[in-house]
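Numbers restart at 1 for each chain; the letters A, B, ... are given by sequence-line order, proteins then strands.
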There are 2 protein chains.
Amino acid sequence: MSRQFTSVWTREPRSKPAGPGRSREEIVKAAIELLDAEGLTGLSMRKLGAKLMSGATSIYWYVATKDELLELAYDEVWSEITVPDPDETHWREVASVLAHSMRRAMLNHPWSADLLGRLPALGPNAMNVSERMRRAFRLAGFAGADIDFAGSTLTAYIFGMTIPEIAWETTVEGVWDTTAAQAALAKVADGHPELMRAIETAAPEDPRVMRAMAFDFGLVSVLDGLERRLTA
Amino acid sequence: MSRQFTSVWTREPRSKPAGPGRSREEIVKAAIELLDAEGLTGLSMRKLGAKLMSGATSIYWYVATKDELLELAYDEVWSEITVPDPDETHWREVASVLAHSMRRAMLNHPWSADLLGRLPALGPNAMNVSERMRRAFRLAGFAGADIDFAGSTLTAYIFGMTIPEIAWETTVEGVWDTTAAQAALAKVADGHPELMRAIETAAPEDPRVMRAMAFDFGLVSVLDGLERRLTA
DNA sequence: ACCTGAACACCGTTCAAGT
DNA sequence: ACCTGAACACCGTTCAAGT
């Protein structure tokens, strides 16, 4: 009540797109480049200003806060997600393509994982994805609140699977060499027989392939579970 | 390779627990209090030092970096999760209790949502939870890599469902009054018929009750889908 | 209409110096 | 063994002043 929450998407941008100066698109593009290259902590208003060859504070003409800028960048990630036309595609196919391309988009922009828990996805690209997903579930036979529930279940699975995957890639795997990682894991797993068996089972496999297999295993399970709601 | 990743859990603490000074437990406890009260951005080494009535930099005797401190705090969240004994409980019951108590623990410590995507969960409490979960899935009839896959699927669902729930609660709901939120949502949903129907459907309901229902709907779906893997 | 630089109130972390 | 304060290299954001 006292603090007023404002999303970029709920108020008009200050300048009409026609001015002579910089544009929002330009700024967001540069921000994403910085984010992709250096991660969330690598983006500062000062660095971004330097990249745009302007003062750091000039950006505040186009954007009220850094969080607004992040909201804009975040929505661009959603633009990379493809969702087949639900009127011409079976709902399981819609969901499956959506899931794989969303995972891909997140892996391409690891910083998006950090924003999920902090910013609501209210941008137009996010809206388009969820609109199509909702229609697919309606046509599948869900009704009322169940449409929402089914959609939440699917996106929850995708997010929840991909976020730790990114955390693992950017911390443990990206930085440790494999033998050190093995040793560290063995130490942490000590006294936990199930975990040690799991490590032994996974050791000879390519971890990235295993994660892709895990994703498909879980996705099929989620879709089967949703299908069961339709027939029960 | 160049940067060396180190987790708190992979090296010995500097001081044995018996010293006369402060202790890790004391510091972590104070950190969690700050985190619960003010969120992730509310925790700074300086504030924490003040709360402990010491210099801010004294903390670095007990902990190498702020991230290590966060790892310690994060693992405490896992200690609040209850998992029934898998040797005496049907696996669906184990999974269901685990899911609900994990959601509860995260909602009690909203800052944990931000850490999920940043820190690997290698602490002893996290290990205990995953050990029990793995055993439950083995006894259910899963084998080899499928034990891991089933576990990942379940925790992915829980994380993925709860993280946006927290984001929503702490941004939109916690700060907007309901009429303003309705108006903002309507604006964002404009031109998306499925979304507008969803808002109308949800409007008269208590959003927290709806989210609890959504969680149960998805959980049953996930468990049904996993069960299908056993019989297929 | 758009951009600037100085300034404010913060950060995490290092390190020599103290007890 | 444990704690301190000063210092370094950063932050996001505000605002009066410029063009």
Is the backbone of A:G151 close enough, under 3.5 Å, to the side chain of A:T155 for a donor and an acceptor to pair up by distance? yes
When rounded to whole Å, the OH to C1' distance for the pair B:Y60 and D:dG5 reads 15 Å
Can you tell me, in whole Å, how much space there is between the P of D:dA9 and that of C:dA9? 22 Å
Residues at least two apart in sequence or cross-chain that pass salt bridge (Lys or Arg N to Asp or Glu O under 4.0 Å) with B:D75, listed by chain then number, are none
Rounded to whole Å, the CD1-P distance (A:I59 to C:dC2) equals 15 Å
Contacts of A:E194 meeting salt bridge (Lys or Arg N to Asp or Glu O under 4.0 Å) (sequence neighbours excluded), chain-then-number -> B:R135, B:R138
The ring-ring contact (aromatic ring centres under 6.0 Å, His included) partners of B:F217 (sequence neighbours excluded) come to A:F149
Closest non-hydrogen contact found for A:Y60 with A:T65 is CE2-CA, 4.2 Å
Residues at least two apart in sequence or cross-chain that pass side-chain hydrogen bond (donor to acceptor under 3.5 Å, both in side chains) with A:K187, listed by chain then number, are none
(Q) Taking atom types as they are modelled, would you say the side chain of A:T57 forms a donor-acceptor pair with the base of C:dG5 within the 3.5 Å cutoff? (A) yes
Stems field, DNA chain D, Watson-Crick or wobble, 3.5 Å, at least 3 pairs, by first number, holds C:4-8 with D:12-16, C:12-16 with D:4-8
So, with a heavy-atom separation below 4.0 Å from DNA chain D, the residues of residues 30-55 of chain A are A:L43, A:S44, A:M45, A:R46, A:K47
Rounded to whole Å, the CH2-P distance (A:W61 to D:dT19) equals 17 Å
From OH of A:Y62 across to C1' of C:dT4 the rounded distance in Å is 13 Å
Nearest heavy-atom contact between B:A198 and A:R134 is CB-NE, 3.6 Å
Of all heavy-atom pairs linking A:F159 and B:G160, the shortest is CB-CA, 4.3 Å
B:D67 atom CG is separated from C:dC11 atom P, nearest whole Å, by 16 Å
